[in-house]
Amino acid sequence: AVMGSSTNMHHQVRTMGTNGQGGKGKAPGAKLRELVDEATATGKPLQIVGAVNAYCGLMAEKKGHKALYLSGGGVALSSLGYPDLGVTTLEDVLVSSPT
């Protein structure tokens, strides 16, 4: 997965596939770069859908989405029951992320 963070929020972009490996044994970062290159070459945008937990991530994968976005704010609101006030940790996001 490709990860970055801002002051109050952690974000994760994960490519879909077997056990988060993007399919065919490729590293998630390599699969994401491949998807971005493909989108650039075809002129079609790469749709990265948002999910708030593993269940939503699995639904997105079953619908055919190739990449998933997970944010600390979404995790805070849906899984922990409070707005993103900068109290979610990276661990909270990872526990809620699709595996």
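Basis for what follows: all heavy atoms, side chains included, without hydrogens, waters or symmetry-related copies. Index from 1, following the sequence.
Residue Cys56 comes nearest to Ala51 through the heavy atom pair CB-CB, 3.8 Å, listed as atom of the first residue, atom of the second, then distance. When every heavy atom of Pro45 is checked against every heavy atom of Ala39, the shortest pair comes out as C-CB, 4.2 Å. Gly57 approaches Leu68 most closely through the heavy-atom pair CA-CD2, 3.9 Å.
Between Val52 and Leu77, every side-chain heavy-atom pair lies at or beyond the 4.5 Å cut-off. Side chains of Leu35 and Ile48 form no contact here, defined as non-hydrogen atoms less than 4.5 Å apart.
The line from CG of Asn53 to CE of Met59 is 7.5 Å long, rounded to the nearest 0.5 Å.
For residues 34-58, the pairs satisfying salt bridge (Lys or Arg N to Asp or Glu O under 4.0 Å) are Lys26-Glu34, Lys31-Glu34, Glu38-Lys66, with sequence neighbours left out.
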